[in-house]
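FYI, side chains are in, hydrogens and waters are out, and symmetry mates aren't considered; it's all heavy atoms of this structure. The shown structure was predicted, so the numbers you read here are calculated from the model rather than taken from an experiment.
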Amino acid sequence: MLVKLGVKRENIWLCDIHGLVYEGRAEDMNPEKAAFAQASDLRTLDDVIAGADLFLGLSGPNVLKSEMVAKMSARPIVFALANPNPEIMPDAARAVAPDAIIATGRSDFPNQVNNVLCFPFIFRGALDVGASEINDEMQIACVEGIAELARATTSAEAAAAYKGEQLTFGADYLIPKPFDPRLVAVVSSAVAEAAMKSGVAARPIEDLAAYRQKLNQTVFKSALLMRPVFEAARAASRRIVFSEGEDERVLRAAQEVLEETTETPILIGRPEVIEARCEKLGLRIRPDRDFQIVNPENDPRYYDYWNSYHQLMQRQGVTPDLAKAIMRTNTTAIGAIMVHHDEADSLICGTFGEYRWHLNYVNQVLGGNGFAPHGAQSMMILEDGPLFIADTQVRIEPSPEQIAQTVMGAARHVRRFGLEPQIALCSQSQFGNIVGDAGARLRAAIEILDAKKCDFTYEGEMNIDTALDADLRERIFPNSRLEGAANVLVFAHADAASGVRNILKMRSDGLEVGPILMGMGNRAHIVSPSITARGLLNMAAIAGTPVAQYG
């Protein structure tokens, strides 16, 4: 492989347990060794290592001594890959060569050389195009794909799996981590493309970009369901302001927004903090070059912002001094004012703090003129498909009119994902068999929806199992309007909706997309503190798509 990548054969000095493989040696030889035999009087590893740039060991423990490393060239490369004990321990090598670049086969040291980085994915690419062989071009493409990924920004998933490690390309991060989810798409597609170009692919792939996207869908649960949203977001070119711009997840999401969408991220935070964290995290993005920053401590628009907030809130007890303080310290309010001023199209906030605290400021600034928060809906991606839950956050005990609003909003947002809503209104009561407040409010909401002649399917009130089991529902209520399992559950109490959402998230490995704030015209979304960088990217795509086009 080294020769295929361009290393000169005469520069490779092969040693085994008997020492140097030299021309004329008879002991323990074979054609593979003979191909690298050197015409030399030198005989041992200690003899040949002087001035060497790279030591590549696949042998046994303690083969390479510190004094041998001291003889190597400046800033030597030491790949000591014997397992479980390498040819030399990293600290012993660095004792004599502090600037050495070191890799081992162990996970407890930086730069683990692990065959899991390539062997599943080189075969995935080969099999997907029906390759008749694994040729040199495909192997080199695999190597170059892994190298490309090492130089790229670390994924949020890998950073989470290796928390505390510095995952920025350099001496201690030459190789991607095995948990990096991007490996499958990067390596497999590179191998498939090389197989096609070298003429060994029996089933060439016409659209490599679509192939990469399909591979990503096998890794990221949300990829398939989010595809129509991302496609719509790419056509919208909206400006998304993140109120917690100093958060690591927001910074990673901002880079992915720039890479995967046509949206423009705007971050609220201190420029020096954001700059330092981008550098520390190994992100390529930089403030004022790739994205705009709003500095709450010093922004030329400060007067306009606090004055606007004061005008909106002066009859609700907010004095000029209080408005000034809020516009210096409250990044959610600042982001909302930016949307109010048409300096941003949508706000994303909530990576810390309580949902309704953020909602208060969003509603103060962006409510009115036909906009009012009337529900939060989460899409839970489960093994057997998506399930939407509402209202998880906004109204604790909604009225029938508010429940009907939530149902209509849920239908609109479900259609954003290319799905047709089948909505079940859920409670302990089942089609009128229990007299109680929740069931009565749901029944009244059904009457309101019936009067509006809605163009989507809804039914209730019913138990959750009845909503999800069509056979059970057929026995209990044969004339139900629902077909198959419901894909949306709407509750008469936020505690019930939130509880179901959290159980699915924590006990069924459900991946949440949301919460999606309904009723605000996509001008603001409030996420939960447990959201990931990938979740923020998904929310940015949702925020980047006008809701009106879905009716």
Side-chain angles (χ1 to χ4, degrees), residues 1-9 11-12 52-58 73 75-81 86 90 99-107 109-126 128-129 131 134-159 161-162 165-198 200 208-209 211-213 215-216 219 252 255-256 259-260 279 281-285:
M1 183 56 66
L2 289 171
V3 172
K4 291 173 187 176
L5 290 167
V7 178
K8 295 178 180 178
R9 176 233 172 268
N11 287 347
I12 297 175
D53 299 297
L54 164 69
F55 170 85
L56 175 59
L58 302 123
S73 67
R75 205 180 186 196
I77 301 171
V78 178
F79 276 25
L81 307 182
D99 57 354
I101 298 172
I102 303 171
T104 70
R106 288 171 43 157
S107 61
F109 295 119
N111 298 325
Q112 182 192 18
V113 178
N114 191 323
N115 62 2
V116 77
L117 290 171
C118 65
F119 85 82
F121 313 125
I122 193 169
F123 289 112
R124 176 66 192 261
D128 283 344
V129 297
I134 307 289
N135 58 25
D136 289 353
E137 291 86 349
M138 295 162 70
Q139 293 178 49
I140 291 171
C142 177
V143 170
E144 291 178 344
I146 293 172
E148 173 194 340
L149 196 53
R151 292 189 293 267
T153 305
T154 309
S155 73
E157 291 77 15
Y162 297 90
E165 293 189 35
Q166 185 71 23
L167 303 184
T168 304
F169 182 69
D172 286 337
Y173 185 69
L174 301 170
I175 306 167
K177 293 292 189 180
F179 281 106
D180 196 319
R182 299 170 297 178
L183 280 162
V184 61
V186 170
V187 176
S188 300
S189 61
V191 169
E193 184 175 13
M196 292 189 290
K197 287 181 176 178
S198 60
V200 299
L208 273 171
Y211 173 62
R212 290 189 192 97
Q213 191 173 54
L215 291 171
N216 274 325
V219 178
R252 292 188 181 279
Q255 175 153 301
E256 293 186 31
E259 291 174 350
E260 298 191 30
E279 182 73 29
L281 296 170
L283 302 178
R284 292 190 297 276
I285 56 172

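- In terms of heavy atoms, Arg252 sits closest to Leu281 at NH2-CD2, 3.6 Å.
- Taken to the nearest 0.5 Å, the CG atom of Asp53 stands 10.5 Å off from the CD1 atom of Ile101.
- One finds the CD atom of Glu193 at 12.5 Å from the CD atom of Glu137 (value rounded to the nearest 0.5 Å).
- For Leu81 against Val113, the heavy-atom pair with the smallest separation is CD2-CG2, 3.6 Å.
- Looking at Asn111 and Ile102, their side chains never come closer than 4.5 Å, going by heavy atoms from C-beta outward.
- At least one side-chain heavy atom of Asp99 sits less than 4.5 Å from a side-chain heavy atom of Pro76.
- Two residues are said to be in side-chain contact when any heavy atoms from C-beta on lie closer than 4.5 Å; Val200 and Met138 meet this criterion.
- Between Leu117 and Pro176, the closest heavy-atom pair is CD2-O, 3.4 Å.
- Phe55 contributes atom CZ, which lies 13.0 Å from atom CD1 of Ile77 (distance to the nearest 0.5 angstrom).
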Next item on the list: Show your working on side-chain contact (heavy atoms from CB on, under 4.5 Å) between Gln112 and Ile175 and close with a plain yes or no.
Entry: CA-CA 7 Å; Gln112 182 192 18; Ile175 306 167; over 6 Å; no

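- Two residues are said to be in side-chain contact when any heavy atoms from C-beta on lie closer than 4.5 Å; Ile134 and Phe123 meet this criterion.
- For the atom pair CD1 of Ile140 and NZ of Lys4, the computed distance is 7.0 Å after rounding to the nearest 0.5 Å.
- The shortest distance between side-chain heavy atoms of Leu2 and Leu56 falls below 4.5 Å.
- Rounded to the nearest 0.5 Å, atoms CG (Asn114) and OG1 (Thr104) are 10.5 Å apart.
- With values rounded to the nearest 0.5 angstrom, Leu215 atom CG is found 12.0 Å from Leu183 atom CG.
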